[in-house]
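A short write-up of the structure that comes next.
Numbers here simply count residues along the sequence, with the first being 1.
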Amino acid sequence: MHLASRCLMTVMVLGAAAWATTAAATSTLQNITYKPLSGGKVEVRMNFDSNQLPQPNIFTTETPPRIAIDFPDTTNDAARHQDIGVGTTTGVSAIAAGGRTRVVVELMQASTYKSRVEGNSLVLVVNNGTQSQPVTTAASIDPSKALPSAQNGPAISNIDFQRGANGSGRVLINFNGSGANANMHRENGNITVDVVNAQLPADHAQRLNVLDFATPVQSISPKATPSGAHIDIAYSGDVETSSYQTGNQYVIEVMPKKQEAKNTNPASEAQPVYTGNRVTFNFQDIPVRSALQLLADVSGVNLVASDTVGGSVTLRLVNVPWDQALDVVLRAKDLDKRRDGNVIWIAPQKELADYEQSLADARFKAQDNAPLITTYIPISYGKAQEITKLLTTGAQQSQGGSSGGAGGAATQHRGFLSPRGSVTFDQRTNTLLLNDTAEKTAEVRAIVAQLDRPVQQVLIESRIVIATDDFERDLGVQWGINGRHINPSGQTLSLGSGLLPATTSGTTTTTYNGLQNYQSVNLPATPSTGTASTIAAAILGKNYALDLELSAAQSEGRSQLVSSPRVITANQQEADIRQGQEIGYVTFQNSVGGGGGSGTATVAFKDAVLELKVTPTITADNRVFLAINVNKDSLHNYITVPGSGQVPVIDTRSLNTSVLVDNGQTVVLGGIYEISKTDNLNKVPWLGDIPGVGFLFRSTQRVNNKGELLIFVTPRILSDSLQ
């Protein structure tokens with residue numbers, strides 16, 4: 001409460017503009033007059049009550065354009081504001097605060113000026129625009145704050161480069177002391193930085209190539225000049241530039257245009273992206289509270305500064321977003337901010353941390369003292385036992401809970417419950433019994449409302465197609481020859497295989513004109529299905545016989561087996577579709593010897609089925625992720641096991657995959673594809689290899705079998721009306 005009172009007091013002081021004077025004030029600004037000059041110039045005269053003129057501190061801003069003069073230890077009796085309207089000068093304001101008086105010359109655009117002291121008056125001549133560089137007479141300069149020369153000033157200790165947020169390039173110029181005066185401007189397509197009062201050591205006068213950083217900055221070329229140092233920064237593309245100086249460091253930031261965007265992940269560790277209006281400030285030993293007041297005027301937000309915010313700061317900001325300028329000031333003085341709508345509270349970091357800790361402690365104390373209420377929450381679609389487990393996940397209990405719930409005290413963490421809360425369930429009525437504070441009860445109700453929802457259903461339509469394609473071609477030949485001749489001496493000469501007995505294996509006999517003709521080449525076509533077609537020819541003579549028979553067969557077959565199972569399953573629940581048969585076989589136990597009929601007979605079964613398992617998962621964009629497992633088993637043959645009869649051999653094929661499909665889209669799986677090719681050749685040795693006539697001594701058989709398993713799966717998300 002003490003800290004809140006202090007913040008309220010600060011708001012009252014700022015809102016009422018009670019600019020108080022201090023007892024240490026030694027001068028009084030009596031009035032401010034102005035006089036138009038030729039060429040749109042205007043002379044502003046600030047008159048004081050004594051000839052001992054307070055040392056002025058003059059600085060300028062470009063956004064908005066202003067010339068500000070601070071007079072320490074001075075009170076104000078002049079008019080708060082008066083309009084001028086000459087040239088670029090629109091008006092002048094005077095205000096006192098904290099023992100200081102500030103005079104602000106309001107401009108339509110940035111303009112140069114000259115100042116001089118005449119008796120008990122400070123005269124400021126404001127030009128009509130940037131006609132010449134500002135010149136200040138020696139009488140108006142505080143010798144203790146005069147900028148040192150290049151020979152006596154600080155030296156550049158390091159020139160570094162960094163890649164900033166959104167691809168920007170940051171050039172960092174570090175000095176070994178205070179008092180450096182750096183100015184940035186564009187010249188001949190480059191960014192130029194002139195440091196008029198700092199020395200550049202020879203080891204730092206080297207060109208830096210920074211192409212590898214992938215920023216608009218290409219190179220940095222520093223060189224020494226008689227008045228200090230000159231740095232050229234080469235860049236490419238259309239860029240925006242800004243610069244600021246804090247303490248002993250001057251920073252130039254070069255960023256691509258139209259690349260600024262809001263940070264979409266505030267919790268990330270990326271550098272903040274600033275989007276405020278750009279301002280230019282030149283602060284020389286200005287009070288921090290005055291700098292914050294200027295930033296509040298530019299940004300249009302309400303700044304509330306704690307009473308502990310004080311001190312002075314020296315900054316040079318050129319074309320910098322106001323929110324970045326605010327962060328620079330806060331970092332320079334170890335301050336932090338908290339924003340609530342259009343109000344920003346600024347205080348030392350430790351003060352903010354202590355305040356937030358006190359709020360957290362007060363909230364925890366209020367929870368400890370809050371009364372407990374009992375609530376009954378019916379569960380419609382889920383299980384009360386499972387939701388109870390979710391609500392108390394991670395709870396560290398000092399005593400074990402009962403089997404019916406999760407009651408009892410907790411030492412540290414109680415899941416979604418307060419330290420004194422407990423929850424149990426009634427399995428018969430599927431109801432939660434909650435005992436906790438009103439705040440936690442409302443939170444648990446909201447959680448249960450999100451969890452206790454009907455699970456979406458998915459209709460899975462599938463078509464299983466088993467396609468086969470069979471082809472067989474057989475070619476064969478049979479032929480025989482026989483002849484007999486009786487010479488004049490009565491001798492009989494035989495030709496062919498007539499001497500072979502009719503029962504010789506592999507031959508057949510026919511009789512032509514009394515000649516017994518043996519089929520000594522017997523290689524006919526033998527198709528596995530059906531019969532072969534034949535064509536035969538014979539040559540018969542008086543004493544000889546020659547016959548030839550060709551056989552051929554060709555068969556083709558195509559078949560399809562189609563099944564269309566459909567099943568409805570819940571989201572993330574597996575659906576199982578099986579189709580096929582169980583193959584039974586008999587085994588014998590405790591058999592004696594090798595006989596299969598002895599011992600105890602047992603009937604066993606093996607599955608030979610087509611099985612499809614699908615687990616659907618509905619995604620947030622209303623698509624379906626399918627985990628598919630396919631098994632295709634079939635009977636190959638039987639093997640004989642001594643003492644156990646015949647056991648079936650099962651051909652197994654499986655496919656396991658995951659796919660993401662749209663609602664109602666069909667996915668096709670055809671990964672199980674079989675091709676069986678068989679070529680058989682029977683021939684007479686040596687004779688079957690004779691070119692041209694070798695076909696008379698051989699037969700061929702070619703068999704091609706193809707089989708393919710196609711599975712079509714279509715998931716459809718059922719609407720609430722269908723559930």
Side-chain angles (χ1 to χ4, degrees), residues 1-5 7 266-267 338-341 352-458 568-574 615-620 622 717-723:
M1 298 300 295
H2 175 67
L3 181 58
S5 300
C7 295
R338 296 293 183 268
R339 183 162 187 166
D340 184 9
L352 287 177
D354 293 342
Y355 173 72
E356 292 173 345
Q357 182 62 42
S358 64
L359 289 180
D361 294 342
R363 184 169 61 252
F364 291 143
K365 186 175 181 180
Q367 290 181 355
D368 292 339
N369 297 328
L372 300 180
I373 60 176
T374 301
T375 306
Y376 306 96
I377 305 176
I379 305 301
S380 301
Y381 303 100
K383 294 183 179 180
Q385 182 177 2
E386 295 179 355
I387 295 180
T388 299
K389 184 178 179 181
L390 289 175
L391 294 176
T392 57
T393 298
Q396 300 177 0
Q397 300 179 354
S398 59
Q399 298 178 1
S402 62
S403 60
T411 57
Q412 295 291 335
H413 184 54
R414 295 281 298 145
F416 293 96
L417 307 179
S418 68
R420 297 183 297 138
S422 63
V423 62
T424 185
F425 63 91
D426 179 47
Q427 188 171 0
R428 183 178 61 86
T429 59
N430 204 30
T431 303
L432 291 181
L433 287 75
L434 177 66
N435 186 29
D436 212 329
T437 63
E439 180 183 0
K440 281 295 181 180
T441 299
E443 294 179 3
V444 171
R445 281 188 176 274
I447 294 173
V448 172
Q450 292 292 327
L451 298 177
D452 189 25
R453 292 184 175 184
V455 179
Q456 286 185 284
Q457 306 285 328
V458 180
I568 296 177
T569 184
N571 183 31
Q572 297 184 350
Q573 296 297 320
E574 183 182 74
T615 303
T617 301
I618 302 174
T619 63
N622 218 35
I717 301 175
L718 300 182
S719 61
D720 294 338
S721 60
L722 297 178
Q723 298 182 29

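For the pair Leu417 and Lys440, the minimum side-chain heavy-atom distance is 4.5 Å or more. No side-chain heavy atom of Gln573 sits less than 4.5 Å from a side-chain heavy atom of Val455.
A donor-acceptor pair under 3.5 Å links the side-chain atoms of Arg339 to the main chain of Gly341, judged by distance alone. The backbone N or O of Gly382 lies less than 3.5 Å from a partner atom in the side chain of Asp452, making a donor-acceptor pair. Of the possible polar contacts, one joining the Asp436 side chain to the Ser418 backbone as a donor-acceptor pair under 3.5 Å is found. A donor-acceptor pair is defined here as one N or O able to donate and one able to accept, closer than 3.5 Å; such a pair exists between the side chain of Asn571 and the backbone of Ile618.
The shortest non-hydrogen separation linking Ala570 to Pro616 is O-CG, 4.1 Å. Residue Arg338 comes nearest to Leu352 through the heavy atom pair NH1-CD1, 3.9 Å, listed as atom of the first residue, atom of the second, then distance. Nearest heavy-atom pair, Thr431 versus Leu433, reported as atom, atom and distance to 0.1 Å: O-CD1, 3.6 Å.
Put simply, the residue from Thr388, Val444, Val448 that forms a side-chain contact (heavy atoms from CB on, under 4.5 Å) with Leu434 is Val444.
Between the OG1 atom in Thr441 and the CD1 atom in Ile373 there is a gap of 4.0 Å [rounded to 0.5 Å]. Atom CG of Leu391 is separated from atom CG of Leu432 by 6.5 Å, given to the nearest 0.5 angstrom. Note that CD1 of Ile447 is 11.0 Å distant from CD1 of Ile387, once rounded to the nearest 0.5 Å. With rounding to the nearest 0.5 Å, the separation of CD in Gln385 from CG in Asn430 is 10.0 Å.
Residues passing the side-chain hydrogen bond (donor to acceptor under 3.5 Å, both in side chains) test with Gln357, sequence neighbours excluded: Asp361. For Leu359, the side-chain contact (heavy atoms from CB on, under 4.5 Å) test picks out Tyr355, with sequence neighbours left out. For Glu439, the side-chain contact (heavy atoms from CB on, under 4.5 Å) partners two or more places apart in sequence, or in a different chain, are Gln367, Thr437, Glu443.
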